[in-house]
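These values consider heavy atoms only, across backbone and side chains, with no hydrogens, waters or symmetry-generated copies. Convention: sequence-line order gives letters A, B, ...; per-chain numbering from 1.
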Amino acid sequence: MSIISPRVRFAPSPTGYLHIGGLRTALFNYLFAKNQNGKIILRIEDTDRKRFIEDAVANLLKTLEWAGIYFDEGPEIGGESEPYFQSQRLEIYKMYADELINKGKAYYAFDTPERLQQLREQQQKLNQQTMYDKFALTLSEDEVERKMENGETYVVRLNVQPNETIVVDDLIRGKVEFDTNIVDDQVLIKSDGFPTYHLANVVDDHLMGITHVIRGEEWLSSTPKHVLLYEYLGWEKPVFAHLPLLLNPDKSKLSKRQGDVAVEDYMKKGYLKEALINFVALLGWNPGDEQEFFTMGELANKFSLERVHKAGAVFNIEKLNWLNAEHLRSKPNDELLLMLKDELSKSYYKDKVLADDYLLLIIEAMKPRVSFVNEFITKCTYFYTEPTEYDEHVIKKRWKEDTPEQLTKLRDNIAQLDNPVKEDFENALTKTAEELEIGKGKLIHPVRLALSGIGTGPGVYDLLFIIGKDKSIGRIDRALKIITIPKTNVSE
RNA sequence: GGCGCGUUCGUCUAGUGGCUUAGGACGCCGCCCUCUCAAGGCGGAGAUCACGGGUUCGAAUCCCGUACGCGCUACCA
């Protein structure tokens, strides 16, 4: 006898892109499966024909793969529970709907949308829960048969038995009770023959051997319907775990308008998958100790549903940015090189020929100063092109009356260097300062300005070495020509 | 309106009756390091634990109520 290893599923509907909340749900399912040595299945819930979107599935698959979430079974992978598209499982749902009808647990209904609408409005006016009034149950068998023969459109509805209490035992929230008097006779099969989510997800979860249903909290309210379905069909229920929602800064459910919600948006903005995964994992889950930086493997090792908490979490971009920088810094330089080259090929400097060794020097120098890969370019354009203008504030602060003379001297000393390394530049600068009997700062800041055009960045000796002797001299000469001393800088 | 869920620093969170003068992280501020900016190190401000009642010798932690927020309330998922 062996303990049944868990089987979980991620069951998105193909809406065209992967929502960040969907990524979180997928991730928690994935981490749970990995942690428990179980299997994770991808199932496409495409039962809404009105919302069919071309290429949505391909997109979903691509994004999930980018994120590093891999499935044991699903579209393109296959598995013992094929097919994994609900739209290809229509006969199965029909079969179980028939079984429910035969058991008296479901029934045909022929109501017009207009009548349903009216009913709803009436109930709302009376401050009642809006739900179907079981009118179709008053029809005689003959009437039903006649209507069917006439080809009237119909739906199949769940026949909820009144005056019962349904207890949903949720792993995260504990026992949640519902009164069946306010559980609606949910449509199971729509008039187009497609099942609704409620029927399809229960049937598939059972047939696919799903042991744990891990999904967003928005499903908690309809779980009693699912529980009823399991009971009416005589099936064992899975364990339910409803995840807290991801929220906008104003605490409403995370949505467009208030920021990016598609995983692809974050891909495009240059976020690392490692950072996004790490960040999203920490939204609603914590390891119980003080670790914040995680790799996917570490997450899988430590993950447990018991440590998922109940309240919704605001998506806090600042922390994501910090994690992105952390993950970026944790990467080896040769990996960053590949990423930088890719970024470069899409940039203004795409036609520039740059040696790997040169780029590696930039990476080394800029690594602690960037949060995103593209900042290896945008925060230090002076490594790719000569500065054309010089920061006025820096000129005002650092470029004094005697600066040109001092810089010229430094330039001359540098010119004498033969194949200099970083230390040679440092020695040259120290020597110049001594000869001039001035502090090194008098030279350092103007040189930086001349080389980079700005007042911040890596150490000047690094700058000199990376940019190189000849180009450095050229830039100093150019700065000497262009920068004029503002009146306020003239001493006395 | 009905039903359900939730509520600890601005944000993510620790906390499961005494270990808590409520801990950590992001962000913010300061100091150190230092040629600048970062990174790093150190420190600081920041939460009457939504509110009101209980229970208890003792409650952020248990119970009840209220408020607020959110979700669901479709032949969407």
Which nucleotides of nucleotides 31-40 of chain B have their base under 4.0 Å from a protein heavy atom (B), which only their sugar-phosphate (S), and which neither (-), written as one string 5' to 3'? ----BBBBSS
Base, backbone or nothing for each nucleotide of nucleotides 3-18 of chain B, written B, S, -, heavy atoms under 4.0 angstrom, 5' to 3'? SSSSS---BBSSS---
Interatomic distance where [atom1] belongs to [X] and [atom2] belongs to [N] [whole Å]:
X	N	atom1	atom2	answer
Met131(A)	C72(B)	CE	P	19 Å
Glu121(A)	G2(B)	CD	P	19 Å
Phe294(A)	A25(B)	CZ	P	14 Å

Can you name the salt bridge (Lys or Arg N to Asp or Glu O under 4.0 Å) partners of Asp424(A), sequence neighbours left out? none
According to the Watson-Crick and G-U wobble definitions, with both distances under 3.5 Å, which nucleotide is paired to C72(B)? G2(B)
What contact category does [X] fall into here, base, sugar-phosphate, or nothing, at under 4.0 angstrom with non-hydrogen atoms?
X	answer
Lys125(A)	nothing
Gln128(A)	base
Thr47(A)	sugar-phosphate
Ser191(A)	base
Asp111(A)	base

Is any NZ, NE, NH1 or NH2 atom of the basic residue among Lys310(A) and Asp170(A) found under 4.0 Å from an Asp or Glu carboxylate oxygen of the other? no
On RNA chain B, more 5' by nearest nucleotide between Lys190(A) and Lys225(A) is Lys225(A)
Write down the atom of Tyr382(A), the atom of Lys379(A), and the distance for their closest heavy-atom approach. CE2-O, 4.0 Å
Using the ring of each side chain (for Trp, its six-membered ring), is Phe110(A) parallel, tilted or perpendicular to Tyr108(A), with breaks at 30° and 60°? tilted
